[in-house]
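The structure appears below as structure tokens.
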Amino acid sequence: MSALNIEESTTALVTEQAPDNKTKRYDRQLRLWAASGQNALESSRILVISGTATSTSILKNLVLPGIGQFTILDSTKVTPEDAGNNFFLEGPSSIGKSRAEEAVRLLSELNDGVEGKADLRSLEEVLEKDKEWLSEFTIVIAHNLEAALLDKLSGLLWEDQGFPSLVVVRSAGFLAEFYIQYHEHTVIESHPETAQSLRLDKPFPSLLDYSMSLDFENMDVTDHAHVPYLFILVRLLEEWKKTHNGSPPATYAEKKEFKKSILSMRKKHDEENFEEAEAQAYRAWTPTTVPSDISALFTDPKVLSLTDSSPPFYHLVYALSKFVEDQPYHALPLTSTLPDIKASTDSYIHLQKLYKARAEEEKQIFKSYLKVPVEEDMVDAFLKNSHALKLLRGKKWGALEADKEALVSAIETAPKQLSTHLALTALTSLAAKNQPNAPLTPTVEDLTAEAQTLLPPGTDLPDEFPDAVGEVARSPTADLPNTAALLGGLVAQEVIKMITKQYIPINGYCIVDLIETWTGIL
Amino acid sequence: MSSESSASADWPGRYYHIDQVLNTPGPRTDEAFLAGDGVKNFLRDQAKILVIGAGGLGCEILANLALTGFKDIHVIDMDTIDISNLNRQFLFRPKDVGKSKAIVAAEFIMKRVPGVKVTPYFGKIQDKDDDYYMQFNLVICGLDSVEARRWMNATLVNLVDPENPESLKPMIDGGTEGFKGQARVILPTITSCYECSLDMLNKPTAFPICTIANTPRLPEHCIEWASVLEWPRVHGDKKLDTDDPDHIGWLYRVAAARAAEFKIEGVTWSLTQGVVKNIIPAIASTNAIIAAACCNEAFKIALHEKRDDCPVCGGEALEITISPEMTVEELIDMLVEKQDIQIKKPSLSTPTKQIYLQAPPQLEQSTRPNLEKKVSELVPPNGEVTVTATTLPFSLSLRISYSA
């Protein structure tokens, strides 16, 4: 049959057409977070407080992938200084115009699908008269906010679990940090690098039956060389257990013997499927268990006190815990995702069908434990990722400063990161004490004294502190293009993870030092 | 227009932010950094930077360099703008699709950042000769292919003339893939180069031809069958154009038919395109991070550019003054400890004789008695000593004078 005939005979079967312009535009990112992630982005509303170079850098990386809407809250006019370091201002021609309006205009050019708004009120005014407005957003991002406003804003957004997360971003010259304030963040699609267990140590009945039914002795030579290694291992393990009191190979000698028995089944020396079975033999004796951070979720207070109105994630975790507890294998539900295996098409497809059928059965059992209905897509994603779920609990902005024990321990465990954090915190506090509109030029001594007050009495600042504080004193108000660009990328990256609920965002402070070019978590 | 832009180019306050770090050294600033006008003049009036690639990284790099104050930037890119670039290559708009990336990017930067000159070249890096590359102070690469990186790396390594310190062009190489990326500084002939670490690259996925032809199991196998085997069989010499939607459509239908025949699931348009074009996911944020890291290294290198006493590129001997009583052993200890030299196990010689060699063992043994001798017995005042070490990829010259 010629290819043209194939084509003609199957046009009815193939329905997918060439992608539309929007799919083409987003092709390179859809391959990372798929349509589900893109929909989440497109439904999001982002508030960015003030139109600094760092703020517009962050927004650029969110407008390009296509968030739904963004607002810049900024009551100031563009200064000559702003016009010099911000790519989303038009040089001298922007000077004197509203910074929010200019930045929104130029950022909006990046993507027709995104709505941009400039809000010319001050944050003080919003906090005083229109607090509710803040709760309309998905995430609020604030760059170099002064201490009192930051405290008020973070306090307000912490009041209710339903309020938006707050990203606090601070920078001075080559140093920077950011922190995401959230109560909790759950991730189903964490995009793990490891796959679910194939459960060869606990084969389900149809896999075991089929493996045992294979007549290796009388098999055709070609077929013999194309039996998927999973069948080989299941078969050999079962036979092994019969002669070893039901136990898998345990000692080094036993494992070696087991591997030898795999190779001895070969009819010819170049049978790749048996070589693959030998290489994968560890799967036969590695017990399939529930990862410890997954079983820890089973006893999470929110799972134990489940109500009908609990978020679906907790209902799914509850069902998972019941499944593991009740089902004979005490393992996570099977998934049908198989790696490529050296095999003939037919034997591979047959294997795939066995896994698929079993996974479907276990999914139905899993669903029977659900106390409320959950969307099918979510159930599927949950089962596919049940070995890599993530529940993050965050802290209120400033919790580190309130926890003196944690501060003292960070002096030992993360002195460089802590030094930068303390130096930036000292700068924020000093800025609050500065005369309004006076240039902010704190000395190393002032900043050091301020940082010292953050530590418990009698505790020395880390040895690395002078390196950090000297940089802050050198450039206290510098929003450097490269630092802004780097922060723009880092913050947008984490915000995308938060919005899409895919991949795992940071939990803690991300500290950036561009003198030595490192980032670290505190 | 041009007179207007140059008149307004350096308005008061323009460099308020960057000048904070140019006016004052910080606690970790290299001693060679000369704060103030010298470094600003170099940055704004003298430095000439080459950017290779005007794509995902290139757009970011150009914007960062322009805002940092570099005024003479050149950019090379052989590609034209595709709609799938618009999710991250932020200097391009839908109306630019089909135009040269280098030209559109250069025009955009010059319009947005007054006074910066960006010279585009719409073509291949291989079109340019050594004289062309010699004019730049440093090269930043935002490339997507191993071949282009290897060519650029080899060209810059070959450009190095030991007699001419100006011939050493630092190469800063960035690369991204999805959420991941890397930035690396290569000082040709001094640090390890791109070629040195070629074996650390991941092997590209290749499917055995017998699997594709006889035992397909994955949707990718069906797509490979369509593009590698069926396309040439049916279309003869007609070249497969992976940017042509009709060609991709044909491959998709043929692959889907084969998949249906073998009961394989998962052949989609997107996967077909991904496999035949070897598409690597790319997003704006990762590019921003990597480009910023590259430009920050470029900025730091540019600030140190004028260090004439740099042991590597300064071409001049490092002056040190020691006591006439100092022994060779003490000098070696000093070299090991001295912050700006930091050499482990240095070997010393003069232009005419060996003072102390750490290896091979025979020479170490024969020069060992010198350790107890005074340096002044072996080296005349203002005499030169060459220092080498296995940990040091270059030799260092010291000019020794003796304190009274």
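Chain letters run A, B, ... following the sequence lines, proteins first and then strands; every chain starts at 1. Owing to the predicted nature of the structure, the values given are computational and were not obtained by experimental measurement.
- Interface residue Ile279(B): only side-chain heavy atoms are found under 4.5 Å from chain A.
- Ranking Pro94(B), Pro245(B), Ser270(B), Ala291(B) against chain A, the residue ahead of the rest is Ser270(B), based on heavy-atom pairs under 4.5 Å.
- One N or O on the side chain of Arg474(A) and one on the backbone of Val21(B) form a donor-acceptor pair closer than 3.5 Å.
- Chosen from Ser347(A), Pro19(A), Ala473(A), Pro65(A), the residue pairing most often with chain B at heavy-atom distances under 4.5 Å is Pro19(A).
- With hydrogens and angles ignored, the 3.5 Å screen pairs a side-chain donor or acceptor of Arg112(B) with a backbone N or O of Phe87(A).
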_Stepwise side chain to side chain contact (heavy atoms under 4.5 Å, CB included) test for Glu90(A) and Lys111(B)_ = CA-CA 8 Å; Glu90(A) 281 189 304; Lys111(B) 187 166 164 271; 4.1 Å; yes

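- Shortest non-hydrogen contact noted between Asp479(A) and His17(B) is N-ND1, 2.8 Å.
- When each of Asn21(A), Leu338(A), Asp340(A), Asp27(A) is checked for heavy-atom pairs under 4.5 Å with chain B, Asp340(A) comes out on top.
- For Ile283(B), the part lying near chain A is the side chain, with the backbone staying farther off; criterion is any non-hydrogen pair under 4.5 Å.
- In this structure, Glu60(B) pairs ionically with Lys60(A), as a charged nitrogen and a carboxylate oxygen lie closer than 4.0 Å.
- Heavy-atom neighbours of Lys277(B) NZ from other residues, nucleotides or ligands within 6.0 Å: above the threshold of 12.
- Ring planes of Phe174(A) and Phe299(B): tilted class, angle from 30 to 60°.
- Among Arg28(A), Gln29(A), Lys24(A), the one residue that satisfies the side chain to side chain donor-acceptor pair (under 3.5 Å) test with Asn87(B) is Gln29(A).
- Both the backbone and the side chain of Arg88(B) come within less than 4.5 Å of a heavy atom in chain A.
- Residue Ala292(B) comes nearest to Leu486(A) through the heavy atom pair CB-N, 3.4 Å, listed as atom of the first residue, atom of the second, then distance.
- Remark: side-chain polar atoms of Lys263(B) are not paired, donor with acceptor, to backbone N or O of Ile349(A) under 3.5 angstrom.
- With chain A as partner, the option from Ile280(B), Ile18(B), Leu218(B) having the largest number of non-hydrogen pairs under 4.5 angstrom is Leu218(B).
- Near-neighbour residues of residues 488-495 of chain A relative to chain B, defined by a heavy atom under 4.5 Å from a heavy atom of that chain, comprise Gly489(A), Leu490(A), Ala492(A), Gln493(A).
- For the residue pair Ile496(A) and Ser285(B), the shortest heavy atom distance occurs at CD1-OG, 4.1 Å.
- Atom CD1 of Ile515(A) is separated from atom OG1 of Thr29(B) by 5.5 Å, given to the nearest 0.5 angstrom.
- Side-chain atoms of Gln20(B) do not come within 3.5 Å of backbone N or O of Gly173(A) as any donor-acceptor pair.
- Comparing Pro25(B), Ala63(B), Ala293(B), Gly178(B) by heavy-atom pairs within less than 4.5 Å of chain A, the highest count is held by Pro25(B).
- With respect to chain A, the highest number of heavy-atom pairs below 4.5 Å among Tyr16(B), Phe92(B), Phe179(B) belongs to Phe179(B).
- A donor-acceptor contact shorter than 3.5 Å links the side chain of Arg217(B) to the backbone of Ala343(A).
- Among the candidates Val469(A), Leu487(A), Ile58(A), Leu106(A), the residue making the largest number of heavy-atom pairs closer than 4.5 Å to chain B is Leu106(A).
- Of the listed residues Thr477(A), Leu62(A), Leu480(A), the one with more heavy-atom pairs under 4.5 angstrom with chain B than any other is Thr477(A).
- Separating the CG atom in Asn64(B) from the OG atom in Ser57(A) is a distance of 7.5 Å, to the nearest 0.5 Å.
- Nearest heavy atoms, Ala284(B) versus Leu64(A): CB-CD1, 3.7 Å.
- In terms of heavy-atom pairs under 4.5 angstrom with chain A, the leader among Asn214(B), Thr286(B), Val113(B) is Thr286(B).
- Contact record, Ser344(A) with Thr215(B): CA-CG2, 3.9 Å, taken as the closest heavy-atom pair.
- Comparing Ala18(A), Gly470(A), Gly91(A) by how many heavy-atom pairs each has under 4.5 Å with chain B, the most go to Ala18(A).
- Both the backbone and the side chain of Pro216(B) come within less than 4.5 Å of a heavy atom in chain A.
- Using a 4.0 Å cut-off between charged nitrogen and carboxylate oxygen, Glu464(A) and Arg28(B) do not count as a salt-bridge pair.
- In this structure, no portion of Phe207(B) lies under 4.5 Å from any heavy atom of chain A.
- Trp11(B) places a side-chain N or O within 3.5 Å of a backbone atom of Pro80(A) that can act as its donor or acceptor partner.
- Considering only heavy-atom pairs separated by less than 4.5 Å from chain B, the leading option among Leu110(A), Thr517(A), Leu514(A) is Leu514(A).
- Minimum heavy-atom separation, Gly84(A) to Leu67(B): O-CD2, 3.9 Å.
- By the ring pair (Phe, Tyr, Trp, His ring centres under 6.0 Å) test, Phe262(B) pairs with no residue at all, sequence neighbours left out.
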*asked:* Between Lys356(A) and Glu265(B), does the salt bridge (Lys or Arg N to Asp or Glu O under 4.0 Å) criterion hold? Intermediate values first, please.
replied: CA-CA 12 Å; Lys356(A) 219 170 243 182; Glu265(B) 290 174 16; 3.0 Å; yes

